[in-house]
Amino acid sequence: MSALNAAKKPKDFVLSIEGLTVSFDGFKAVNDLSLYVEEQEIRVIIGPNGAGKTTVLDLICGRTKATSGAVTFKGQNLTKLKEHQIVQVGVGRKFQNPSIYEDLTVFENLEISFPRGRNVWGALFFRRDAEVINKVNEIASMIFLGDKLDKPAELLSHGQKQWLEIGMLLIQDPELLMLDEPVAGMSVSERKLTAELLHRITKDRSVLVVEHDMQFVEDIADRVTVLHQGKTLSEGSMERVKSDPKVIEVYLGH
Amino acid sequence: MSFTGLRALLPKHDLRALLILAAIIIIVMPLFLDIFRLNLVGKYLTYAFVALGLVLCWGLGGILSLGQGVFFGLGGYCMAMFLKLEASSPEQTSIQSTPGIPDFMDWNQLTELPWFWEPFHSLSFTLLAVIAVPALFAFIIGVAMFKRRVGGVYFAIITQAIAAILTILIIGQQGYTGGVNGITDLRTLLGWDIRTTSAQYILYFINAILLFACLLAAQVIRKSKLGRLLVAMREREDRVRFSGYDVANFKIFVFCIAAVFSAIGGAMFTLQVGFMSPSFVGIVPSIEMVIYCAVGGRLSIFGAVYGTLLVNWAKTFFSESFPELWLFAMGALFIGVVMAFPNGLADLYQSYALPWLKKQRLRLPARLGGVKTPQKTTE
Amino acid sequence: MFAEYSMTELTSIFAMQGFAGLLLFSVFVLMALGLAIIFGQMGVINMAHGEFMILGAYVTYLTSLFFSNYLPSLFSGYFFVAMLLAFITTFTLGAFVEWAMIRHLYKRPLDTLLATWGLSLILQQTYRTVFGAREVGVTLPDWLMGSYAITELIEVPINGIFVMVLTLFITFCVYLLMQKSKLGKQTRAVVQNRAMAGAVGINTEKVDRYTFGVGCGIAGVAGSAFTMIGSTGPTSGQLYIVDTFLVVVFGGASNLLGTVAAAFTISQAQSTMEFFLSGSSAKVLTLLTVVIILMLRPQGLFTLKIRR
Ligand SMILES: Nc1ncnc2c1ncn2[C@@H]1O[C@H](COP(=O)(O)OP(=O)(O)O)[C@@H](O)[C@H]1O
Ligand SMILES: [Mg+2]
């Protein structure tokens with residue numbers, strides 16, 4: 001893409017996507033897409049509805065199988081791995097609609113995501129020891145739910161559910177965090193807190209965010225990729241993208 | 001296990017439920033019922049093993065199997081094969097054209113014991129087979145289905161089809177299986193006559209102890225992280241998968257456990273009732289076993305036992321007094337429990353009986369320990 | 001195993017078994033069509049489907065009694081009246097069941113399965129109470145009796161041919177209904193996006209009710225056709241329910257052509273094997289094959305890719 005990216009050696013990127021294509025019965029939702037994410041970068045993907053943003057995340061985390069192309073994460077080809085293996089090598093993903101376990105408490109939600117005892121026997125003999133409890137407490141206060149640990153998750157507000165899901169990812173300590181519209185449906189003050197949270201948690205990881213809210217995007221993005229009909233339309237800093245005539249064309253219409 | 005560990009495994013209300021159930025099954029029933037009725041209760045309790053498995057599999061995990069009769073049957077048939085061979089010694093079967101083989105084989109012109117019957121001369125092999133055969137079968141089904149992400153109604157239908165297939169197979173291959181009559185006329189276990197009153201008492205207690213062992217095992221699973229994972233999977237399978245778990249393995253595990261429970265029940269059925277037949281394998285009995293679990297409360301392991309007892313008691317009552325009404329009652333039960341009481345007896349107990357009990361207790365001036373509200377999580 | 005038969009005998013065996021297979025095919029298709037609509041379009045498992053079919057059969061039986069007692073001159077045409085009545089009765093009952101029960105359970109498909117099983121028990125016992133436990137059969141009008149000899153060895157019964165033709169006709173009607181009619185289009189719209197369909201002014205609840213009713217109505221018509229080739233008892237419906245579910249799932253649930261193709265494959269396989277093996281082994285082998293194929297290809301044989 002940009003000259004800057006091309007000059008770098010691929011291994012400097014945490015995530016590199018090359019020539020990624022997926023076709024649903026002939027319809028190419030993602031079409032020959034290439035994208036590179038650096039260490040500790042917050043990358044935002046924007047684009048109109050149906051542009052293929054969610055599908056890109058699906059392809060990275062293995063939820064959808066690519067028709068062709070490669071997804072490389074820290075030198076590993078993700079397209080060959082199963083979903084849970086992709087998680088285990090350090091990719092965390094938040095879904096578009098808050099996806100939490102409503103029948104369990106906030107504590108239990110976080111505990112399940114704690115990366116230990118992930119096979120059958122491990123889960124059966126998992127013990128809630130001090131390490132787990134401390135970690136859960138730490139994450140809970142980070143996502144502003146420190147005093148809600150014993151509450152069933154179904155009682156949380158929509159914004160709190162979004163945070164909880166982010167927390168469930170944080171407790172896994174992924175190197176690449178992917179968030180699909182994390183502030184959708186949040187109040188203004190919740191958005192602010194979320195932006196703050198994202199800044200805090202990117203200290204030692206890369207983040208890939210899909211978002212519509214431009215204010216929020218400006219707030220957090222290091223760089224922005226504009227997706228349109230499955231292809232990159234424009235890429236770069238928010239200023240650059242905003243002044244790109246192609247982007248204006250697509251967003252403001254004909 | 002340490003005391004706190006035990007407390008976590010059996011919180012006060014679960015401990016109370018366990019003790020009450022134990023008192024009813026181990027003390028009250030044997031004291032107040034004659035041996036005929038007690039044997040009947042023993043028979044019902046063998047179905048409770050199936051219902052218990054369904055609590056784990058369906059209640060917690062959301063995996064509805066309509067083929068649990070298959071595992072009940074496999075366990076029961078394994079046991080029956082051993083007992084039948086013991087009852088078919090050459091001396092006892094000297095009038096047959098081929099002495100030494102089970103009578104129904106002789107009637108079907110078989111002249112030697114089929115190879116897969118041979119190992120059932122050994123009790124230790126039989127006991128192993130009671131567990132291993134259904135577990136293996138469940139494992140194969142589980143791997144085939146869950147690894148390919150077949151779930152929900154598809155799983156239900158396919159397990160139902162498997163129940164149908166096995167029934168047709170058993171009935172069709174009567175020379176090898178005893179056909180529609182099943183394997184009957186079982187008498188002794190290593191020379192011990194299982195039809196005597198004392199044997200029936202002993203078998204009843206063995207059955208009860210095994211049931212409590214399974215209840216404890218179920219409680220361990222329910223209270224472990226695995227139990228919470230099952231609930232999580234039921235709700236958001238994708239989220240669990242994207243938290244780094246291979247979801248299929250957990251489903252396979254719990255399905256196998258449910259199969260093993262059912263098989264233990266089946267084997268105890270054979271021992272207590274003295275026969276095994278395809279009428280406990282097919283579609284109808286399998287789905288009936290689901291209703292035992294549903295009536296008790298699909299999330300409650302103790303409820304499963306009460307539900308089983310209640311439905312079977314009602315069944316016996318109706319078929320003795322108003323046989324033509326039983327199907328209406330059963331149908332109404334299916335509809336009612338789904339539409340009006342999806343959490344069954346356990347829920348009624350939680351929302352009516354428990355608050356009432358608490359109110360009674362609060363009236364007492366003496367403090368009987370802090371009355372804590374139970375955590376409402378995976379109850 | 002072929003050695004004992006001559007070539008012509010073999011041909012006629014296959015032809016006869018093929019015909020028996022076609023008859024079984026008709027039964028499967030008739031039962032599966034309604035089920036496929038209900039399951040494929042609405043995701044609802046209707047365990048009482050067989051009982052709806054039997055209801056259609058009993059209605060036909062009653063109609064035949066009525067005609068032979070009061071309108072003997074019109075007896076030869078009673079069947080068409082019966083079919084219409086069967087449809088109306090089962091449609092009405094179906095719509096009522098949807099209203100009273102199914103609509104409360106759309107989010108809980110497994111519970112629907114249990115509830116409809118309960119319904120099937122109640123219906124069975126009702127039939128037993130009203131019509132008795134014995135099987136009843138209708139008197140065929142003259143023009144359906146007898147058989148038609150194709151060659152010396154091959155004879156096909158006329159009522160069988162009639163049922164097949166009827167099956168084709170009903171299938172065609174259902175196809176038109178789902179593809180071309182307003183209800184069909186609305187149903188598919190609701191399946192694809194319920195919220196959107198509601199937003200563009202489709203009364204989704206009404207569509208649900210009609211779809212379920214039509215599915216049951218088709219079962220009723222199937223039951224009506226069924227009386228032409230077999231007798232009816234309170235539990236006749238349950239006999240076929242598992243096979244029919246497998247047909248629907250095997251066919252890929254959401255498409256009618258797939259259902260027909262699956263019905264054809266399964267019925268032909270079963271009836272051909274039936275000649276060489278015992279009936280039960282043939283059935284076991286067929287069902288087992290279907291189950292194994294479904295394990296390998298859970299989406300069924302004929303499916304479209306749809307978004308999870
Ligand atoms: N599994 C799938 N099958 C068919 N079409 C799909 C599938 N996944 C996504 N699509 C289509 O791909 C396009 C992009 O969807 P999506 O990635 O959700 O867009 P966005 O998140 O940018 O709004 C849409 O037109 C959608 O209908
Ligand atoms: Mg999206």
Side-chain angles (χ1 to χ4, degrees), chain B residues 58 62-64 66 140-141 143-174 179 238 282-284 287-288 290-291 293-294 298 323-340 342, chain C residues 39 43-45 47-48 97 100-101 104-105 108-126 128-129 133 234-235 238-239 241-246 248-249 253 277-292 294-300 308:
Chain B
W58 174 46
I63 307 160
L64 178 57
L66 294 183
I140 293 170
I141 297 174
V143 169
M145 311 276 280
F146 297 132
K147 287 283 180 191
R148 289 195 168 70
R149 308 217 177 138
V150 179
V153 290
Y154 286 86
F155 185 77
I157 290 176
I158 291 185
T159 45
Q160 187 170 54
I162 291 172
I165 293 173
L166 194 67
T167 322
I168 302 174
L169 193 68
I170 293 175
I171 294 177
Q173 304 297 319
Q174 45 177 318
D238 248 7
I283 297 176
V284 178
I287 200 167
E288 248 176 46
V290 174
I291 210 64
C293 165
R298 60 184 82 171
E324 66 288 351
L325 287 184
W326 168 239
L327 275 187
F328 284 128
M330 191 72 167
L333 202 57
F334 268 97
I335 296 174
V337 85
V338 163
M339 313 258 322
Chain C
F39 179 48
V44 167
I45 292 281
M47 283 297 209
V97 166
M101 205 161 93
H104 305 290
L105 301 172
R108 292 145 56 194
L110 293 177
D111 284 3
T112 322
L113 199 155
L114 297 178
T116 48
W117 177 266
L119 178 66
S120 82
L121 296 182
I122 291 177
L123 288 177
Q124 274 175 31
Q125 188 58 37
T126 312
R128 202 169 285 130
T129 314
T235 50
Q238 214 176 45
L239 239 47
I241 194 78
V242 168
D243 305 50
T244 321
F245 273 126
L246 288 184
V248 173
V249 177
L277 303 164
S278 71
S280 71
S281 310
K283 181 128 194 185
V284 166
L285 221 57
T286 321
L287 292 183
L288 206 60
T289 315
V290 173
V291 165
I292 289 173
L294 279 179
M295 284 179 173
L296 299 177
R297 209 184 136 77
Q299 69 273 44
R308 273 185 274 157

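By convention in this document, chain letters (A, B, ...) are assigned in the order of the sequence lines, proteins followed by strands, and residues within each chain are numbered from 1. Note that these values count all heavy atoms, side chains included, but never hydrogens, waters or copies made by symmetry. These figures come from a predicted structure and were not determined experimentally.
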Is it the side chain or the backbone of [X] that comes within 4.5 Å of chain C heavy atoms, both, or neither?
X: B/M145; answer: side chain
X: B/V284; answer: both
X: B/V290; answer: side chain
X: B/W58; answer: side chain
X: B/A156; answer: side chain
X: B/L66; answer: side chain
X: B/L169; answer: both

What distance do [X] atom [atom1] and [Y] atom [atom2] have between them, rounded to the nearest 0.5 Å?
X: B/I157; Y: B/I162; atom1: CD1; atom2: CD1; value: 12.5 Å
X: C/T235; Y: C/I241; atom1: OG1; atom2: CD1; value: 13.0 Å
X: B/L327; Y: B/L325; atom1: CG; atom2: CG; value: 10.0 Å

Between C/D111 and B/R298, does any NZ, NE, NH1 or NH2 come within less than 4.0 Å of an OD or OE carboxylate oxygen?
yes

Please rank B/L166, B/I287, B/V150 by heavy-atom pairs under 4.5 Å with chain C and give me the top one.
B/I287

Just wondering, do C/L294 and C/L246 contact through their side chains at under 4.5 Å, heavy atoms?
yes

Heavy-atom distance under 4.5 Å between the side chains of B/I291 and C/W117, does that happen here?
no

Given the side-chain rings of B/Y154 and C/F245, with only the six-membered ring counted for Trp, is the space between their centroids under 6.0 Å?
no

Are B/F146 and B/F155, when compared by the centres of their aromatic rings, separated by less than 6.0 Å?
yes

Check side-chain hydrogen bond (donor to acceptor under 3.5 Å, both in side chains) between B/Q160 and all other residues, then give those that pass, not counting sequence neighbours.
none

Of all residues at least two apart in sequence or in a different chain, which pass the side-chain hydrogen bond (donor to acceptor under 3.5 Å, both in side chains) check with C/R128?
C/Q125

Side chain, backbone, both or neither: which part of [X] has an atom under 4.5 Å from a heavy atom of chain B?
X: C/T129; result: side chain
X: C/L113; result: side chain
X: C/A100; result: backbone
X: C/L110; result: both
X: C/L287; result: both

Specify which of [options] makes the most heavy-atom pairs with chain B at under 4.5 Å.
options: C/V284, C/I122, C/L123, C/L285; answer: C/I122
options: C/M47, C/K283, C/M101, C/Q124; answer: C/M101
options: C/R108, C/H104, C/Q238; answer: C/R108

